Colleague: 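The structure's right below; bear with me while I get my questions together.
Here, residue 1 is the first one in the sequence, and each next residue gets the next number. Quick note: numbers below take in every heavy atom, side chains included, and nothing from hydrogens, waters or symmetry partners. Computed from a predicted model, the values in this text were never measured in an experiment.
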Amino acid sequence: MTHLPGLAGWNKPALATRLLQPQWHAPVAVLAGAAIFTTGWSRVVLQVHYVSDVLAGWVLGGVWALCTVLIMESISHWRRAARPLHATG
């Protein structure tokens, strides 16, 4: 069974990248990916979850993170489009 609080916790790196300078995006993504992989793998090795549970959690977490990023980008785009144009002259 996948735990929703765990899913929400792994979205924090995706949200944090919005606050970081672009050169930090790749290192944060690599560290987050390593943490996600090792946590899931440890659950299988410790026989706390089945492999299918961990795979389902990874897929669901990835979809959740993707949706979060897409929504954030849409809001950002919407805010940029809503800014009034400066009058010239």
Side-chain angles (χ1 to χ4, degrees):
M1 176 177 190
T2 322
H3 301 283
L4 192 55
L7 281 173
W10 291 117
N11 264 347
K12 289 181 177 113
L15 296 173
T17 58
R18 301 285 294 163
L19 304 174
L20 296 174
Q21 296 177 358
Q23 69 263 22
W24 288 101
H25 289 189
V28 167
V30 169
L31 288 173
I36 291 167
F37 177 78
T38 56
T39 301
W41 185 251
S42 72
R43 306 309 286 171
V44 174
V45 170
L46 295 172
Q47 298 180 354
V48 180
H49 291 290
Y50 295 112
V51 175
S52 60
D53 293 344
V54 173
L55 292 175
W58 284 342
V59 169
L60 187 58
V63 169
W64 185 262
L66 178 65
C67 289
T68 301
V69 169
L70 289 174
I71 289 169
M72 289 171 50
E73 289 297 321
S74 296
I75 290 171
S76 177
H77 178 71
W78 174 73
R79 285 183 178 172
R80 280 193 304 265
R83 288 184 186 158
L85 297 174
H86 295 287
T88 58

Colleague: Holding to side-chain contact (heavy atoms from CB on, under 4.5 Å), I want the full list of residues that pass it with Leu31, two or more places apart in sequence or in another chain.
Modeller: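 For Leu31, no residue satisfies side-chain contact (heavy atoms from CB on, under 4.5 Å) once neighbours in sequence are set aside.
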Colleague: Is there a donor-acceptor contact under 3.5 Å from the side chain of Thr68 to the main chain of Trp64?
Modeller: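 Flag set: sc Thr68 to bb Trp64 pair under 3.5 Å.
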Colleague: Going by side-chain contact (heavy atoms from CB on, under 4.5 Å), Leu66 matches just one of Val69, Leu70, Val63. Which one?
Modeller: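 Exactly one option meets the side-chain contact (heavy atoms from CB on, under 4.5 Å) with Leu66, and it is Leu70.
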Colleague: In chain order, what residues pass the side-chain contact (heavy atoms from CB on, under 4.5 Å) check against Arg79, with sequence neighbours excluded?
Modeller: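 Expected list: Ile75.
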Colleague: Under 4.5 Å between side-chain heavy atoms, hopping through other hydrophobics if needed: is there a path connecting Val59 to Val51?
Modeller: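 Val59 and Val51: separate clusters.
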Colleague: Within the distance-only criterion (no hydrogens, no angle test), does the side chain of Thr39 pair as donor or acceptor with the backbone N or O of Ile36 below 3.5 angstrom?
Modeller: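 No; judged by distance alone, with no hydrogens or angles, the pair does not exist.
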Colleague: Are more than 12 heavy atoms from other residues, nucleotides or ligands located less than 6.0 Å from atom CD of Gln23?
Modeller: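 It does: Gln23 CD has more than 12 such atoms within range.
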Colleague: Minimum heavy-atom separation for Trp41 to Trp58, with atom names?
Modeller: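 Nearest pair, atom of Trp41 first, then Trp58: N-CZ2, 4.1 Å.
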